[in-house]
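For reference, the structure is listed below as structure tokens.
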There are 2 protein chains.
Amino acid sequence: MELSARKRKILGILVEHYIHTAEPVSSAEIKELYDEEISSATIRSELAALEELGYLIQPHVSSGRIPTEQAYKLYVEAVLAGEKKEIVVAGVRDYLDRKIVEIEDVVRNTARVISDATNYTSIIVIKNTDEIRIREVKIVEVDVGRALVVIITDSGVIKDNIIEIPVNMGSGYVTAANNVVNDLFAGRTLKEIKSSQTDIEAEMMQYHDIFDKIVMLLEEYASGRHNKVFVEGTSKMFRHPEFSEIDNARDFIRLLDEKERLSDLMKTDDEIELSVRIGRSDGLDGNCALVTARYSIGGTEIGNAGVIGPVRMDYDKVVRVLHYIQKEFNGEDREKEKGNGEIKRREQK
Amino acid sequence: MELSARKRKILGILVEHYIHTAEPVSSAEIKELYDEEISSATIRSELAALEELGYLIQPHVSSGRIPTEQAYKLYVEAVLAGEKKEIVVAGVRDYLDRKIVEIEDVVRNTARVISDATNYTSIIVIKNTDEIRIREVKIVEVDVGRALVVIITDSGVIKDNIIEIPVNMGSGYVTAANNVVNDLFAGRTLKEIKSSQTDIEAEMMQYHDIFDKIVMLLEEYASGRHNKVFVEGTSKMFRHPEFSEIDNARDFIRLLDEKERLSDLMKTDDEIELSVRIGRSDGLDGNCALVTARYSIGGTEIGNAGVIGPVRMDYDKVVRVLHYIQKEFNGEDREKEKGNGEIKRREQK
DNA sequence: GTTAGCACTCTAACCTTCCGACTGCTAACA
DNA sequence: TGTTAGCAGTCGGAAGGTTAGAGTGCTAAC
């Protein structure tokens, strides 16, 4: 059912006011904020109607109203539909422009910037993908029967694992294995390797074992079960009064503790640039909401960055910050010629 | 000042009882737990004396007593001096024995095991050391003017960074640089490299720039500013009633949020195998205590594993669990011949 | 030095009261 | 029909009072 323009306007004022005060909003307060002349009685009757429709609740009969999750969702729709006014976040460029880049540092620092700019806890998930191109596979024998396998891509090292290797082979075994394995893997994506697997098997024979193990590593990687999750600014949650409620605080921390679940929640549909999940109806305990932006360069999805906070969140600000960060990443991209999606990815990874 | 044997005994009973109930302990309760016949009045007079000495406080006049930090410290001394009865923790061996080992996985899982076994939040810090031996340095050009530097050691990859490289050199430049750099670094420890730095400079000349950058990476690594900190089981804090107090909860989470400070707190003196920090007097906010065990193999310090929880912590259990884990690591070591400190390190890293 | 007995203290739980915030309703009005 | 002023009514939260019970400190006797 469609709301009248006035209902929308009143609801919008109420939600925004509540976002900032965290106190139930009375008809008199709305009257103050309303730009035209209107009586509080009229507002009261509209509020009663909005409550009937499920957009508001009254904690008790002699208090003002607070928005329901349904109201937040409507509000967020309006925010997303509106123009994205810029919000400038200092410090992002510094990290992107640095000459020497610790791969994980960039992510961690981006997360910190988002958290500081929004005043909420931020989360970044690096999505593993089987479209990543392998540059080199390095097998280093570190002990009798044990070798370290390092898989290097344009985006940095994606895996380093200890594997067992046969013991009674000659001393040249590892060197030879290195060469064979590199011929097979270097320059290809995991996807390509998987699709051409049978051809390769024939060539391998005596390195069969090592090959299998490396494929296993890559498959585990691409399975996404081990997506890397970075969380920054956990303690910022305590700045928001809903988390003085110990139950909410517990649910919140528990959610952050379960990295796999978090990683799942951060997933967005392929078409969606920015997703907002609000409250229990979207699978979030503890009075939480989660805003997630997808970061992709040249059509390749890199990962998701998001903000988690109370349902009563400043969605407008959060959306702007996430957009700005997105733009910074893309902006740098355009400074260079084509083919540099990979550069971008490197920096984000 | 020395306490009488009876005072010690009463204090011990009180501390242990308080650890389990989290309620002020009355003279009548101690009488129940005391193995000999003794009247509550006698206990009361002893309690009054202990309070006078600063070991106990009364929340209010008509309640029992609770231990002060001073009392916990005395108690912990007794625990550490006593024999370390074994406590078996399932699941540790599984991870150590796995054929394919993701380096970070072992740490994360060890942390999880410690947290589950103790019911407290666990922390593991991997200490960077300049005694680590470099196996190979790999420079991979990933874009014009940019290369990925991967530093491989026995313990896995310690660094992967993007650096800038000169652009107008021939195509063989990177290959040659790889060879030169490897000759210089492979097989040495960072310490050795640092001490022989001047000799090396002469050889380098045209790879001077790359060499400098790699040394920079290694030095930053060894500086310890980027010790890796793993935290598991944060939400377990809510199982303990002191963290229903929102202020304590906030201080606790804030502490975990500040990874650098945490890393500092985890440091132990060289001679100390196991350190216990209790409360504000030891630099911990939020009614916290921190038990840290040093893990070292063959004399080389690997890192610290610890447990953080309320001051009212089950120190006995925590100490046993940390000892058990320590022993498991060492135990595996002894199954193999000498020289396998490196294997161990690999698994812990 | 130890103990029984008792007076005393203080908290936590439970009422009651009261103030004030805000509403819903009614009746009048445009 | 929609809007408004006015007013009675509801309810939460703060403040204050009462009470029961837990546990002590003190005293006097052993």
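Letters A, B, ... are given to chains in the order of the sequence lines, protein chains preceding strands, and every chain is numbered from 1.
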Self-check item: Nearest-neighbour nucleotide for the A:S39 side chain, D:dG25, C:dT2, D:dT4 considered
Solution: D:dT4

Quiz item: Hey, does A:S40 reach any base, or is it just sugar-phosphate, or nothing, if we go heavy atoms under 4.0 Å?
Solution: nothing

Quiz item: Would you find a donor on one side and an acceptor on the other, under 3.5 Å apart, between the side chain of A:Y315 and the backbone of A:Y72?
Solution: no

Exercise. Write down the distance between CD (B:E29) and P (D:dG23), rounded to a whole number of angstrom.
Key: 6 Å

Exercise. May I have the distance from B:L50 (atom CG) to D:dG25 (atom C1'), rounded to whole angstrom?
Key: 16 Å

Self-check item: B:R8, B:K31, B:K7, B:K9 screened by salt bridge (Lys or Arg N to Asp or Glu O under 4.0 Å) with B:E46, the one that passes
Solution: B:K7

Exercise. Check every atom of C:dT3, D:dG25, C:dC22 against the side chain of B:A41 and return the nucleotide holding the closest atom.
Key: C:dT3

Quiz item: Partner of D:dC30 by Watson-Crick or G-U wobble geometry, both contacts under 3.5 Å, or none?
Solution: C:dG1

Quiz item: Taking CD1 from A:I66 and C1' from C:dC22, how many angstroms apart are they, rounded to a whole number?
Solution: 15 Å

Quiz item: Among D:dT4, D:dG25, C:dT23, which nucleotide sits nearest the side chain of A:S27?
Solution: C:dT23

Quiz item: What nucleotide, of C:dT9, D:dT24, C:dT3, holds the atom closest to the side chain of B:R65?
Solution: D:dT24

Self-check item: Euclidean distance, atom CD of residue B:E32 to atom C1' of D:dG23 [Å, nearest integer]
Solution: 15 Å

Self-check item: Atom-to-atom span, CG of B:L14 to P of D:dT24 - whole angstrom
Solution: 10 Å

Quiz prompt | Of the listed nucleotides D:dT4, C:dT3, D:dT10, the one nearest the side chain of A:S62 | solution = D:dT10

Practice problem: Quickly, which of A:D116, A:T118, A:N119 forms a side-chain hydrogen bond (donor to acceptor under 3.5 Å, both in side chains) with A:K236? Name it, please. | Solution: A:D116

Quiz prompt | Side-chain-base donor-acceptor pair under 3.5 Å for B:R44 and C:dG1 | solution = no

Self-check item: Which nucleotide in D:dG12, C:dT3, D:dT4 has an atom nearest any side-chain atom of A:H60
Solution: D:dG12

Quiz prompt | Rounded distance (Å) that lies between atom P of D:dA5 and atom CD of A:E37 | solution = 9 Å

Quiz item: Atom CD1 of A:I43 to atom P of D:dT4: distance rounded to whole Å?
Solution: 9 Å

Practice problem: Could you please name the option among D:dT4, C:dT3, D:dT24 that lies closest to any side-chain atom of B:Q58? | Solution: D:dT24

Quiz item: Do we see a donor-acceptor contact under 3.5 Å between the side chains of A:S115 and A:E232?
Solution: no

Practice problem: Ignoring the backbone of A:R6, work out which of C:dC10, D:dT3, D:dC26 is nearest its side chain. | Solution: D:dT3

Quiz item: Considering the options A:R254, A:R250, A:R261, which one meets the salt bridge (Lys or Arg N to Asp or Glu O under 4.0 Å) requirement together with A:D285?
Solution: A:R261

Self-check item: Integer-rounded Å distance: D:dC26 P and B:L47 CG
Solution: 14 Å

